[in-house]
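Scroll down for the structure; my scribbles are underneath it.
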Amino acid sequence: LYIMKSKTDILSFTYSSRGRDVDIVEPVLSKLEKDLDITITRKWLYDNFVFDILKYRPKLVIDANAIGCRNHLWACRFASMMGCKVVTFVSEGDYRYIDGSITTMLFGWNTKERLYEDLHLEWSQRNIEYFKTSKGYDNNKIKLSGATGFDKYSLLSFMDRQSLLSKYKKDKFTKVVTLAGYTFDFMFNENHSTGPIYFGKELEGIKASLFALQDGYLELVKNNPDILFVAKKHPLTENKNYDEFSKIEKFENVLILQTEENVFDVINVCDILIAFESTTALEAWLLKKHTLLYNPIIQKFNRSSISEGSPIIENIENLQKAIDEYYSTGGIKLFADKENDRLKIIKDVIGFADGKNYQRAAAYIEDLYLNKQKNKIEFSFFFFIHMIILGTRNYLRDLIVNTKIFRRFARVNHFYLRTLNDYTDIERIKYKGIYSKAIDKFEGIN
């Protein structure tokens, strides 16, 4: 009865109800609904993707990211095996080109190194050219749409400065500088893949940078009492000992945030974004913000190409001069001199910055959706049984979690409730409406 309930044209899975995954797929979903006049069902990946595929029997399944975890991969493979056409996007497309990285970038958890999807949409042509060296590359499946998740900077409006500062009772400040956090936590974890294993000989310089940044930011905050410094901790930072903002927390002209606000809102309210290393610099450029990299110890290490679009400042004196220059002239010459570099980086990393990546993606998906050619199903009995067991387990989990006794017990003990999905559905509806209205406005639809 559970799996014979409903039908939909397209079924979309996302990791969460807001943020990266939603920003990737929602503008595309809204465009498809308007162009094709079809029904699209949005679901939480961790609800029960197996029974959802059987229940809704979609013609096409859209997954925001097929490699980030096993559930994403399994949803892609199971949908394909059930005869659905499958489209996948990319969550993190700013790839680092190191030996062996092709497997991780294109396949992730997919140890068979073959594309189960019918259409895989990439951020940039640079990435596609790199993938051509892979044995799993398929020119008919891998296409360039540009990074749809960055279209939000053309489509949406963000929190204004007055609203955010009033919320935290900091509205007396007229100058705002954002300090973007780095994952120094990882550098001190010997087993972390993006720490010691990733950086090798560069690691000691990065570790030393943490303590230099702590001292530098302390001096900067003390010397500029009229500037509000919004210190946005990296969302994965846990250990305060490895937090570059630990020495400035108690100052009146400092606002410490971690996950309380969306990063794009924090960027939108500032004049300058300063970081040790952060790919959010590119997002700041799209919001017409100045960016500076403060690297007092080490400047050259395995870092994103995005770093080449910001001036690298090696001491606190020059960092202060750059800030003073901005507030006296409205610009920073060192930043202006890198304008051509930033244009190239944007093309190399996200493909296009015109806000129309969702349109390119939708055009590819529409062609696939309207193509009546049937998929060749490659059935695996053992994988099918594995998925049915997984779906049944999740179904039984829901029966238990949704009982009054379990809810009461879980609430008292602060357990994670599966009923988070109720909240997810509500929030997904909210963002569907936001993007639908934004696209109408962007495309001039009355």
I need the full list of ring-ring contact (aromatic ring centres under 6.0 Å, His included) pairs touching [range], with sequence neighbours left out, sorted by first then second residue.
range	answer
residues 17-40	none
residues 18-39	none
residues 336-364	none

Using the side-chain contact (heavy atoms from CB on, under 4.5 Å) criterion, which residues pair with [X]? Sequence neighbours excluded.
X	result
Asn268	Phe158, Leu287
Ser154	Phe442
Lys338	Pro311, Asp341, Arg342

Residues that Arg20 engages under salt bridge (Lys or Arg N to Asp or Glu O under 4.0 Å), provided they are two or more places apart: Glu92
Sequence neighbours excluded, every pair satisfying salt bridge (charged side-chain N to carboxylate O under 4.0 Å, His left out) that has a member inside [range]:
range	value
residues 259-269	Lys167-Glu261
residues 310-333	Lys333-Asp337
residues 148-166	Asp23-Lys152, Arg161-Asp271
residues 218-229	Lys175-Asp226

Relative to each other, are the rings of Tyr395 and Phe51 parallel, tilted or perpendicular (30° and 60° limits)? tilted
Tell me which pairs pass side-chain hydrogen bond (donor to acceptor under 3.5 Å, both in side chains) where either residue lies in residues 291-301, with sequence neighbours left out. Trp285-Thr291, Thr291-Ser310, Asn295-Arg303
